[in-house]
Amino acid sequence: MPVHVLSEGAGPGAQVPAHLTRISISLISTSIDCSKKTVKGKVVHKGRLVSLADDDFILKTVIQEEDSQPDTTSINVVLLGALAKDFNQAVNQGVSRPPPPADPRSPLAAKRSSTLSAEVSRAPKAPKYTYVKLGDLKPGAVVNVYGVVVFFKQPFKSRGTDFCSTLKITDPSNRKIGCTVFCEKLDNHPKIFRIGDIIRMHRVKTQFFNDSITLVNTFGFSVVTFDGTVGGAVEPRASSRSFHFDQEDRRTVEELRSWAASQTVLPSAPTIPLSAVQPKAYFDLTCQLLARADIDCTCTLLRVWDGTRCPHRLLKVIVAPDAIEGPSSFSTEKEKLIANILAYDNHVESAKQLKIGDFLRIYNLRAIPGSSKVPGLTSSQSDQVDHLAFHLHGGTAYGRGIRVLPENSPDVQELKRTIEGFAEDDELNDSALLEIWSTPPESPSDAGTAESSTERSCSHDVQPTTLSELKRSDPGGVHHVRVQLRSYEPQRLHQALKLYCSKCTSMQDVPDDELVAGLFSEASGDSGPCTPPAWALSGRVNIPGGSSGSSKRALGVHLSTQLMSEGKTKELIFLMGSTLAETCRLASGYQNIVPVRSSGGQLTLLDLSAPFLFRGRKRYYGCRRCSEAALREPSAEGVELIDEKIVAEALGIQLLKFCLLMKLELQDATDTLEVFLWRDAELFFSVSAEDAAANQEAQDRIRQTMDFLSSPEGSTGECPWLDVCLSAYRAADDGGQNRTCYQICHTAFTKLPSEPARS
DNA sequence: GTTTAGGGTTAG
């Protein structure tokens, strides 16, 4: 039997016998008589010709219908005998165009596979993406590639309609390939943070330019990048809503990482902390934005820090306080760590997009010594000579630009640790804490030598002092004291629970149930018609009756199509029109509940004063200032567990962290002292603040600890003694006056009386 | 069915 290959574009009747009719591959099933049917498609896989006996062969092939979803409309075909042999000779695996026209995990594909896969026998998997080695690139093709980034620019505005990213990549073939990405949306551009990042691009076309091949994105382009650190987590940074990622991708990334690590030719441009900045040098800085001010239309001031102190004197730029976005001043200690950066020309626009609190990487920043000419107002210029000024010059040469780093990136995690290390001495400066508390100390009591009820875990090598000595000593530093608890606030311990934003460092009370219930009832008020987003499947859910026997009712729910197709239906629901009590009741049956409402005919989230997420008994809140909340479909691709972080990220919410804040009055024989328990409160109580917000046991533990510490013990009739590590720091109060504050650090309560049995 | 850019320091 001869095998004919249809030429591209040939009509269906051209070479096919007339008694045969063509059907779509998606219609093939075991209940259909296929004997007079044909299919038309492309050979996306051609197996090896296997010889069974003399002149008897077997060969497997996969045929995929064109212009269709890859994992739903291909068939496995087993060819036998001479047909297998003829096929093997006549047919080539055709990848004249890039294999799949759409990401195989697109919602459409997922939806179809979930409904059809059980009924129809087809290829079990989408055809794999094939990646062309950079050394094998030929002009005039559309390909998928992997590479290691050796140069990149942040996206910049082109003269056309799009932003443009330019980068250069390499791979073990050692060929360096320039790439250009044009996209209107910044979000669709590759998320490259540093040289050495790994990049995967789908559907880029090869072009000849200046005697070498370059890559440019083309239709259906998608890109994913990865950190290039050997041994680091392989976390895809996608630039599209859905993308394919499997174990083979993981392997490829790891192979490229190890290869790159062995290459000395890869230029390494480590980011430099402010403490290591050299005058005249260009460098990349990883930092947090604290404040911003427009100087003129070609220059914007960015005030940043990275928790380290630059040994050189830094240029001060004086700006009118009302021109500053963010705090107009900081504590004296913090000011010493803040660098003023002048961003010029094209960077003024990108500086505008930044939010106070953002974590940034600023590329190709220049430290200029002795600068005295700065647009706008500078303080007395004569005493600014030999001060370092940081300039981000106009243009994009050498990758000059600004990039916001995501909070979960390893570099930001490290930055936060550095900043928090400083925060131990300073973070409680701003009036936040001083506003919440204010009561003066009183008189001393007797000293004791009893066993301590706490244990210090710090490594500070300081001798214990008395409170009166401590009060006389210079402000700052750490101190060890032996003290008793005299009093504490708040007496109502639930008031010690706060919500803290690590981005803008604001702190707020946890909204009480009455307030939250009010928001739910207000949200269910708008019951007009409402359009759910395209990715959602809508249905109803029965609310289990409460113990009071309240009437059952059904509420609207919306589910993510993609999560459903992954069998994760119950892991996340968007619930509409429920009361707070009903939401809590349903939370026992669904892992994640996001309350939603109808607003102006659209489905939206509730006001951020309400929890945006219920997980069992836990509720999670977002920062009103730092969130850009919107209802979006979360991607759970490769995610083991959908948790508050995944949901918050998908919804653009800056997650607030539960924390505990108390003010304790301590005493010893010499004096009394007010101290805060905040940063290490969880360590002190051996309880997480999040648990304290949700469960009685954790609350009991805090209550028992405070009861124990404030009640007379045994025959001595004294309160228990505590060995405590205190950190002292200067902080400005409301009136701008600096005063010394103390905070308990590195200290854990150890002597809890036996816990009562629980059922 | 594709214009833009196609790396290589501002000059404050």
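A, B, ... follow the sequence lines: proteins, then strands. Residue 1 opens every chain. Since the structure is predicted, the reported quantities are computational estimates derived from the model, not experimental observations.
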In whole Å, measure the gap between the C1' atoms of B/dT10 and B/dG6 for me.
23 Å
In whole angstroms, the gap separating P of B/dT10 from CG of A/N346 amounts to 11 Å
Would A/K153 and A/F156 count as a cation-pi pair here, with the cationic atom under 6.0 angstrom from the ring centre and within 45° of the axis?
yes
Any donor-acceptor N/O pair, A/H202 side chain to A/V224 backbone, under 3.5 Å: no
query = Using the rule for Phe, Tyr, His and the six-membered ring of Trp, do A/Y282 and B/dT9 stack at under 5.5 Å and under 30°?
reply = yes
Requested in this report: Could you tell me whether A/D411 and A/R361 make a salt bridge, using a distance below 4.0 angstrom between a side-chain N and a carboxylate O?
Outcome: yes
With syn defined as a glycosidic angle within 90 degrees of 0 and anti as anything else, the base of B/dG7 is anti
- Contact class for A/G394 vs. all strands (heavy atom < 4.0 Å): base, sugar-phosphate, or nothing? base
When rounded to whole Å, the CZ to C1' distance for the pair A/R400 and B/dA11 reads 11 Å
- Could you verify whether a donor N or O on one side chain and an acceptor N or O on the other, from A/Q288 and A/W305, lie under 3.5 Å apart? yes
note: A/I362, atom CD1; B/dT10, atom P; distance rounded to Å ~ 19 Å
Under 3.5 Å donor-acceptor, A/D197 side chain and A/V149 backbone: no
note: A/N364, atom CG; B/dG12, atom P; distance rounded to Å ~ 16 Å
Scoring nucleotides 2-8 of chain B by protein non-hydrogen atoms under 4.0 Å (B base, S sugar-phosphate only, - none) yields BBBBBBB
Contacts of A/T308 meeting side chain to side chain contact (heavy atoms under 4.5 Å, CB included) (sequence neighbours excluded), chain-then-number -> A/P273, A/L274, A/S275, A/D306, A/T418
* Asked: Which whole number of Å gives the distance between the P atom of B/dA5 and that of B/dG1?
  -> 25 Å
